[in-house]
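First up is the structure itself, then whatever we jot down about it.
Quick caveat: nothing in here was measured; it's all calculated off a predicted structure. Numbers for residues simply follow the sequence, beginning at 1.
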Amino acid sequence: MVETCIPSKVDKDLTIRPHLRSSIFPNVPPFINFLNSQQKYEKFVRLEIPWNLWTACHNPLLIRCMVRAGFQAKQISEVSYEHMTGAIWDAIDSKTRFFMLCKLTNSPAQAAFLLSEASKSKDLLDMNYEVKINRLPGVLSICRKDELAKKHKIFKNKFGPEEFNFVPETYSIPSEREEALQRIVDSQIPDIPNIREDRQIKQKNLWIVKPCIRSGGDGIHLIDNIFDMPNVDEDVKNVDQAIVQEYIANPLLINGHKFDMRLYVLITSVDPLMIYIYKDGLARFATEPYNTDSLTIKNNCIHLTNSKVNKDNTDSYGDNEDLFSGFLWTLSMLKAYFKQEDIDWDCIWPKIEDVVRKTILLGYETMKDECHSLKSSYNCYKLLGFDIMLDENLKPWVLEVNTDPWLFADPVDADLKSAMIAEMFNIVGFHIPQDVAYKKKAHVLCVDTTAYVLCR
C-alpha cells in the first residue's frame with residue numbers, strides 16, 4: 001500500500017499551468033491538467049472531451065474545473081458504459097437511476113434489473129478502456145454503517161483492541177436487536193427509577209441511532225433506553241436498516257461546542273492499494289453548547305455536527321469579528337486554533353492517518369475481489385468523505401465514511417474544495433481519448449493506437 005498526502009496550499013509560482021502534461025512512460029498519451037480557481041492555462045486547447053452525466057451537473061466548482069479543462073457535458077443516452085470515452089460523473093441516488101433507466105429502456109422490469117446490477121457494480125465490468133468513472137467496486141463495504149461496524153468487530157477480535165478500536169461499539173438492527181437491547185439494559189444507571197425527572201443528571205447510557213444508508217444527519221437521533229429502539233420496515237427482509245451505536249459522550253470541545261472533521265480520501269487503485277489523503281478539510285460544529293442533560297438528548301443541534309442539521313440554527317453561534325467562531329472551519333483554521341491552545345496537531349495527524357488507513361483495510365478484500373473483473377485499472381477511482389471526531393483525550397474515532405461527499409461550496413470552503421477537486425482529477429490522471437487525439441493531433445504528444453492498451 002502506498003499513501004500520499006496531497007499538499008493543500010497552492011504554490012503561487014504555479015498559477016500558470018500548461019494544458020497538457022506528458023507521461024513519463026513512452027507510447028502513453030498526455031494527461032490533462034486541471035486547474036483550481038486561482039490558476040489559468042498558458043495556452044488553452046479546445047479538446048471537446050465527453051463529460052458523461054446522468055443528470056445535469058449544478059455544482060459550479062465541478063462545472064468550472066471540467067469545462068476549463070476541455071470537457072463538454074453530454075447526457076448519457078445508453079444503459080451501458082461500453083462505448084463511452086472521456087469522463088463519467090456518476091453520483092445519482094437509486095431512485096434517480098431507476099427513473100433514468102426506465103426512460104432509456106421503456107421497461108420498468110429491465111430498469112429494475114439494471115439497477116440491481118449497478119448496486120453490485122456489475123455495470124462497470126464492460127467499460128471502455130478510454131473512460132474513467134468516479135466509482136469503485138466494493139467500496140460500499142465501508143460506506144454502509146452496518147458493514148463498517150461488522151468488519152471493524154472482526155478485525156478487532158482478530159488483531160486486538162490495541163490496533164482496531166476506532167469505531168464505537170455498534171449493533172445492527174434488526175439482526176442484532178436482542179444483543180443491543182441487552183447491552184442497553186446492562187448499561188442502565190442503577191437506583192434511578194425515572195432519570196428524566198432530573199434535569200441535572202448527566203446521561204451515562206447514551207446511544208445514537210443511524211439509518212444504514214442515509215446521509216446528512218437524516219434520521220439520526222439519540223436514545224437512552226430500550227423503549228426508544230428504532231422500528232424497521234417489516235417488508236424488507238434479511239437486510240439491516242439501522243445501527244445503534246455507543247455515543248462518544250466525552251468529545252473534545254471548542255468554545256463549549258462539539259465538532260467533528262470531514263476529511264477527503266481518494267482511492268485511485270486497489271491492487272496495489274493507493275490512498276491519498278487531502279491535508280486540508282473541514283471542521284463542522286454543532287451550533288448549541290454541548291451537554292448531556294437528560295432533557296436535551298433530542299436536540300440534534302447539540303449532538304450532531306452535520307451542516308444540514310445546523311444550517312438553520314447558525315444565529316445561535318458565530319461572530320464575524322472572531323476568527324475562531326462559526327459552525328464551519330477549514331482544518332487550517334482548526335490547526336491555528338490548536339496551536340493557540342498548545343494542542344500539538346503534529347501528534348494528532350499521524351493518528352488520523354492511521355485510522356483512515358485501517359478503515360480502508362477493513363474493506364480491502366471486498367474491494368480487491370470486486371475490482372478483479374474490471375477490464376482496466378484506468379477506469380475507476382473514488383473520493384470518500386471520512387467523518388472523524390476527537391475525544392477529550394485526542395483519540396480519533398471514525399463515525400462514518402461517505403460514498404459521495406458534498407462538493408458544493410460554502411464561503412468558508414470554496415477555495416479548499418476548488419483546489420481539492422482539481423488536485424483529485426490531476427492525481428487520477430485523465431488521458432486524451434484516441435478520437436480526440438486524432439482530431440487535435442497538432443496539439444497532442446501521442447496518437448499511437450496501441451497506447452491505451454499499454455496503459456491497461
Side-chain angles (χ1 to χ4, degrees), residues 6 8 10 34-39 51-69 71 73 75-76 87-97 100 133-135 139 143 213-220 259-266 276-287 300-301 304-315 317-318 326-334 381-388 399-428:
I6 305 169
S8 60
V10 178
F34 292 84
L35 306 184
N36 61 49
S37 59
Q38 301 178 34
Q39 297 172 321
W51 181 25
N52 301 281
L53 301 165
W54 282 101
T55 58
C57 178
H58 300 290
N59 186 329
L61 296 182
L62 275 174
I63 294 172
R64 179 177 173 82
C65 187
M66 294 297 284
V67 171
R68 289 178 74 198
F71 286 78
Q75 174 71 51
I76 290 177
I88 303 172
W89 187 258
D90 186 345
I92 57 175
D93 57 38
S94 296
K95 290 182 179 179
T96 304
R97 190 184 302 277
M100 298 302 295
I133 190 170
N134 62 318
R135 286 172 55 194
V139 77
C143 291
I213 58 174
R214 287 154 74 180
S215 60
D218 208 12
I220 298 179
F259 75 97
D260 73 1
M261 296 173 288
R262 163 59 59 85
L263 299 179
Y264 299 99
V265 178
L266 177 65
Y276 298 81
I277 307 175
Y278 200 66
K279 277 196 170 181
D280 209 350
L282 299 174
R284 308 175 304 174
F285 289 79
T287 48
N300 280 351
C301 290
L304 303 188
T305 61
N306 307 74
S307 298
K308 184 178 178 181
V309 171
N310 287 280
K311 65 180 181 179
D312 295 326
N313 195 47
T314 56
D315 289 344
Y317 183 47
F327 75 102
L328 185 67
W329 298 4
T330 64
L331 284 193
S332 299
M333 295 168 62
L334 181 65
Y381 67 98
K382 190 62 184 173
L383 179 71
L384 300 172
F386 273 65
D387 292 343
I388 294 178
L399 303 181
E400 61 183 85
V401 182
N402 294 268
T403 184
D404 289 303
W406 184 252
L407 296 181
F408 283 82
D410 290 293
V412 171
D413 62 10
D415 288 342
L416 182 156
K417 286 181 176 176
S418 172
M420 187 271 295
I421 289 170
E423 193 71 3
M424 172 181 67
F425 288 145
N426 283 327
I427 287 176
V428 166

Check your understanding: Does Lys382 come within less than 4.0 Å of Asp404, counting only side-chain N to carboxylate O?
Key ->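 Here Lys382 pairs with Asp404 in a salt bridge, since their nearest N and O are under 4.0 Å apart.
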Exercise for review: Would you check, one step at a time, whether the test side-chain contact (heavy atoms from CB on, under 4.5 Å) holds for Phe259 with Leu334?
Suggested key: CA-CA 11 Å; Phe259 75 97; Leu334 181 65; 4.1 Å; yes
Under 3.5 Å: donor-acceptor pair, side chain of [X], backbone of [Y]:
{"X": "Asn52", "Y": "Ala87", "answer": "yes"}
{"X": "Lys417", "Y": "Trp406", "answer": "yes"}
{"X": "Arg68", "Y": "Asn36", "answer": "yes"}

Of all the heavy-atom pairs spanning [X] and [Y], show the shortest one and how long it is.
{"X": "Trp54", "Y": "Met100", "answer": "O-CE, 3.2 Å"}
{"X": "Ser418", "Y": "Ser37", "answer": "OG-N, 2.8 Å"}
{"X": "Val412", "Y": "Thr330", "answer": "O-CG2, 3.7 Å"}
{"X": "Leu384", "Y": "Cys143", "answer": "CD2-SG, 3.8 Å"}
{"X": "Pro405", "Y": "Gly385", "answer": "CG-N, 3.8 Å"}
{"X": "Asn300", "Y": "Val309", "answer": "CB-CG1, 3.9 Å"}

Drop me the distance from [X]'s [atom1] to [Y]'s [atom2], to the nearest 0.5 angstrom.
{"X": "Trp89", "Y": "Ile133", "atom1": "CH2", "atom2": "CD1", "result": "10.5 Å"}
{"X": "Asp413", "Y": "Phe408", "atom1": "CG", "atom2": "CZ", "result": "12.0 Å"}
{"X": "Ile421", "Y": "Leu35", "atom1": "CD1", "atom2": "CG", "result": "13.0 Å"}
{"X": "Phe71", "Y": "Phe425", "atom1": "CZ", "atom2": "CZ", "result": "8.0 Å"}
{"X": "Thr55", "Y": "Ile92", "atom1": "OG1", "atom2": "CD1", "result": "6.5 Å"}
{"X": "Leu399", "Y": "Ile220", "atom1": "CG", "atom2": "CD1", "result": "9.0 Å"}

Can you confirm whether [X] sits close enough to [Y] that some side-chain heavy atom of one is under 4.5 Å from a side-chain heavy atom of the other?
{"X": "Val428", "Y": "Leu266", "result": "yes"}
{"X": "Gln39", "Y": "Phe34", "result": "no"}
{"X": "Phe285", "Y": "Leu328", "result": "no"}
{"X": "Asn134", "Y": "Leu383", "result": "no"}
{"X": "Asp387", "Y": "Arg262", "result": "yes"}
{"X": "Asn310", "Y": "Arg284", "result": "no"}
{"X": "Leu407", "Y": "Leu61", "result": "no"}
{"X": "Ile88", "Y": "Arg135", "result": "no"}

**Study point:** Stepwise side-chain contact (heavy atoms from CB on, under 4.5 Å) test for Asp415 and Gln38
**Key:** CA-CA 8 Å; Asp415 288 342; Gln38 301 178 34; 4.2 Å; yes
**Study point:** Worked verdict on Met424 versus Tyr278 for side-chain contact (heavy atoms from CB on, under 4.5 Å)
**Key:** CA-CA 9 Å; Met424 172 181 67; Tyr278 200 66; over 6 Å; no
Exercise for review: Apply side-chain contact (heavy atoms from CB on, under 4.5 Å) to Cys57 and Trp51, showing your working.
Suggested key: CA-CA 10 Å; Cys57 178; Trp51 181 25; 3.8 Å; yes
Practice item. Assess whether side chain to side chain donor-acceptor pair (under 3.5 Å) is satisfied between Thr96 and Asp93, documenting all intermediate values. Key: CA-CA 5 Å; Thr96 304; Asp93 57 38; 2.8 Å; yes
